[in-house]
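For reference, the structure discussed in these notes is given below.
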Amino acid sequence: QHAGLWIRLSRFESSGGSHRLRGCVMSKSLWIWTGTLAVFLWSCGGGGTSTGHHHDEGRIYISNEIKREGAPDYKPDIRVKFQEPETGITYEFTVKHGEQKELNKDGTPLGPLPGGTEVKIWITVIRLNEPTTEIKVKVDGSLIVHITGETATYVPSKVIYNLEYLN
C-alpha cells in the first residue's frame, strides 16, 4: 500500500519529483528523531504523574487589622477557631486588634505544617452581631491571613480578609 503511495507521488511530481520524495524521507526521519527525543525525555523524568509543584512546609499567622471608615475608635478583637488537620480537634484563641498570632493549640504553635496541608479556619469579629467567616487555606510556605474589615452593611455580614504567602 505504501509502495503505491510512493509511485503515485513520483508520477504526480514528474518534474522535480526527487525533491518531493527526499522531503518525505526527511519528514519520516524527523518523526523518528522527535519520537526518540520524547522517549528520552520521558525516561529522564520529563513525564509521569508528577504535578510539577512542590508545596513547602509553613506556619499560618492571623493578623487583626480591622478598620472601619469614619470610626477610628472601632478596634474589635477577633476569635479564631481552626480544625487541627491531623486529629480534627477544634481549637480557639483570641487576637486583639493590632496583633498577629500563629495558629496555636492552647498556646503551643501549630506549625510548621507539612506542605499541601489544608486547614479550615473560622474568624469571628467579637461584637454584638458577631459575623463568622470560614476560610480554607493550603500550606505552601508560611502565610498571613490579614483580617482587614467586615461587610457590616450586608446581612449576614462577613469578614474581609486577604492571604499573603511569605515565600
Side-chain angles (χ1 to χ4, degrees), residues 27 29-167:
S27 294
S29 70
L30 183 61
W31 280 109
I32 291 170
W33 279 107
T34 304
T36 304
L37 181 62
V39 169
F40 174 75
L41 290 175
W42 182 78
S43 68
C44 290
T49 59
S50 174
T51 61
H53 181 74
H54 170 76
H55 297 284
D56 295 325
E57 73 174 13
R59 299 174 183 274
I60 301 172
Y61 301 92
I62 308 294
S63 180
N64 183 352
E65 305 165 16
I66 294 178
K67 293 179 185 172
R68 185 178 283 173
E69 212 172 297
D73 294 335
Y74 183 70
K75 298 178 180 180
D77 296 340
I78 56 175
R79 182 179 312 115
V80 178
K81 286 184 181 181
F82 69 95
Q83 194 169 38
E84 205 269 332
E86 289 182 10
T87 64
I89 297 172
T90 301
Y91 292 92
E92 181 179 319
F93 61 95
T94 301
V95 180
K96 295 192 177 298
H97 187 267
E99 287 185 346
Q100 176 177 299
K101 287 187 179 178
E102 181 177 352
L103 288 189
N104 64 78
K105 303 183 287 186
D106 301 324
T108 304
L110 180 64
L113 294 166
T117 303
E118 291 189 9
V119 180
K120 281 186 194 176
I121 303 169
W122 294 273
I123 305 292
T124 304
V125 177
I126 301 174
R127 59 178 186 80
L128 184 60
N129 190 11
E130 294 199 354
T132 298
T133 300
E134 180 180 300
I135 302 169
K136 293 179 185 175
V137 296
K138 182 180 272 191
V139 176
D140 189 9
S142 293
L143 68 111
I144 301 172
V145 180
H146 295 275
I147 308 302
T148 59
E150 57 185 309
T151 59
T153 57
Y154 301 105
V155 177
S157 59
K158 295 189 179 224
V159 170
I160 300 169
Y161 68 96
N162 62 57
L163 303 177
E164 176 188 4
Y165 284 88
L166 303 175
N167 295 7

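Nothing here was measured: the structure is a model prediction, and the numbers come from that model.
Taking the side chain as every heavy atom from C-beta outward, Y91 and V80 never approach each other to under 4.5 Å. Using a 4.5 Å heavy-atom cutoff, the side chains of Y161 and I135 are in contact. Residues I78 and T94 have side chains not in contact (no heavy-atom distance under 4.5 Å, counting atoms from C-beta outward).
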Would you give me the side-chain donor-acceptor pairs under 3.5 Å for residues 104-122, sequence neighbours excluded?
residue	atom	partner	partner atom	Å
N104	OD1	G107	N	3.0
N104	ND2	E102	O	3.0
T117	OG1	P114	O	2.6
W122	NE1	E134	OE1	3.0

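Taking each heavy atom of H97 and E65 in turn, the nearest pair found is NE2-C, 4.3 Å. Residues V95 and I62 approach most closely at CG1-O, 4.1 Å, considering heavy atoms. Taking each heavy atom of I126 and P76 in turn, the nearest pair found is O-CB, 4.0 Å.
At distances below 3.5 Å, not a single donor-acceptor pair connects side-chain atoms of D56 with backbone N or O atoms of D140. A donor-acceptor pair under 3.5 Å is absent between the side-chain atoms of S63 and the main chain of H146, judged by distance alone. Between the side chain of N64 and the backbone N or O of K75 there is no donor-acceptor pair closer than 3.5 Å.
To the nearest 0.5 Å, atoms CD1 (I144) and CD1 (I60) are separated by 12.0 Å. Atom OG1 of residue T148 and atom CD1 of residue I66 lie 8.0 Å apart, to the nearest 0.5 angstrom. The line from CD of E57 to NE2 of H55 is 14.0 Å long, rounded to the nearest 0.5 Å. Expressed to the nearest 0.5 Å, how far CG of L163 lies from NZ of K138 amounts to 13.5 Å. Remark: R79 CZ to T132 OG1 distance equals 7.0 Å, nearest 0.5 Å.
More than 12 heavy atoms of other residues, nucleotides or ligands shown are found within 6.0 angstrom of NZ on K101.
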